[in-house]
Chemist: 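Below are the structure tokens for one structure; questions will follow.
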Amino acid sequence: MKVTKAVIPAAGLGTRVLPATKSMPKEMLPIVDKPAIQYIVEEAVNSGITDILIITNRGKGIIEDHFDRSPELEERLLASGKKDVYDEVVSISKLANIYFIRQKETKGLGHAVNCAKSFVGNEPFAVLYGDDVIIGEDPACAQLIRAYEKYGKSVVGIKAVPESDISKYSSLKVDKLEDNIYSCTDMIEKPKTKEEVLSLYSILGRCVLTPDIFDILDNTPPGAGGEIQLTDAMKTLAQTVGMTGVDYTGKRYDMGNKFGILQATVEVALKNPLLAEPFKAYLKDLVTTL
Ligand code: UTP
């Protein structure tokens, strides 16, 4: 079955980016000239996704506004002859069929994904974490969808993380199938001891799930941090029917922490046709003072 639906969980509290995220959702933090979540929606659309459910919560209404029309602004842009900006602003509202639902309590990523049950129905669907922006020629979500189409199992986007950091992430048991594709038969969220570490491969930012995940989520008790962990539910899938892991190409920026936001800003600016040259000159000058 073709993957045409995606879910973007964006209902986290973003405590690692406070105070910026006190009233501003981290998903709306800009990378140069677009909010993080627009890059993620564009990646989904470029991967063949037509219907997107964004999971929000109280205080995240500006995400809805961003993907809506903006008649007053549009009129002003047209009147002042700024047709290019007008076209760009209008195009945001036409990217895909975008739906919203609120996660009423912040009970974890697994709980957030479970809020998508009636939107998803009985189809495979992609999950794009709302604070993970991945930039590359071949959209990461499309790479996972291709692996789903080839192997028929749920897919996780994976990356190797430094050994010193693995206790903050998930750890996966993987065996190589081809090039950057692995079979995944077990996983653990935030391993506490060295013995619990299955590999340095961790799930980062993207997955494609079959709808049987919802029954599993219904029966998943709170795990690490007292939250319902998506990893705990995916572990059941991995151990029973198995999953596929794709070490995707593309650069991932973690918009959930301050360093990741800085990296995204600098690197995306250096690729921007209008900003690249003056920004490079500025940086070169700046580093001589460091
Ligand atoms: P994080 O693990 O980064 O949690 O969520 P967080 O609460 O946003 O951030 P910190 O740790 O307080 O700084 C990963 C993704 O899952 C979403 C977040 O919005 C983010 O996209 N999420 C997390 C939810 O939608 N609901 C939740 O209950 C938790």
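For ligands, and for the atoms within them, numbers begin at 1 and follow the listed sequence. Count residues from 1 along the sequence.
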Chemist: Would one find more than 12 heavy atoms of other residues, nucleotides or ligands at under 6.0 Å from atom CG of D65?
Modeler: yes
Chemist: Can you say whether the rings of F67 and F100 are parallel (under 30°), tilted (30 to 60°) or perpendicular (over 60°)?
Modeler: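 Geometry flag for F100 against F67: tilted rings.
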Chemist: Where do E149 and R146 land on the salt bridge (Lys or Arg N to Asp or Glu O under 4.0 Å) test, with the steps shown first?
Modeler: CA-CA 5 Å; E149 286 166 352; R146 290 200 297 271; over 6 Å; no
Chemist: List by chain and number: which residues place a heavy atom under 4.0 Å from ligand 1?
Modeler: P9, A10, A11, G12, L13, G14, T15, R16, K26, E27, Q103, T106, K107, G108, L109, A112, G130, D131
Chemist: Going by the rule side-chain contact (heavy atoms from CB on, under 4.5 Å), which residues pair with E178 if we only count those two or more places apart in sequence or in a different chain?
Modeler: K150, Y151, I181
Chemist: Dump the intermediate steps for side-chain hydrogen bond (donor to acceptor under 3.5 Å, both in side chains) on E196 and S171, then the final yes or no.
Modeler: CA-CA 8 Å; E196 283 185 347; S171 170; over 6 Å; no
Chemist: Return yes if some donor-acceptor pair links the side-chain N/O of E74 with the main-chain N/O of V90 below 3.5 Å, else return no.
Modeler: no
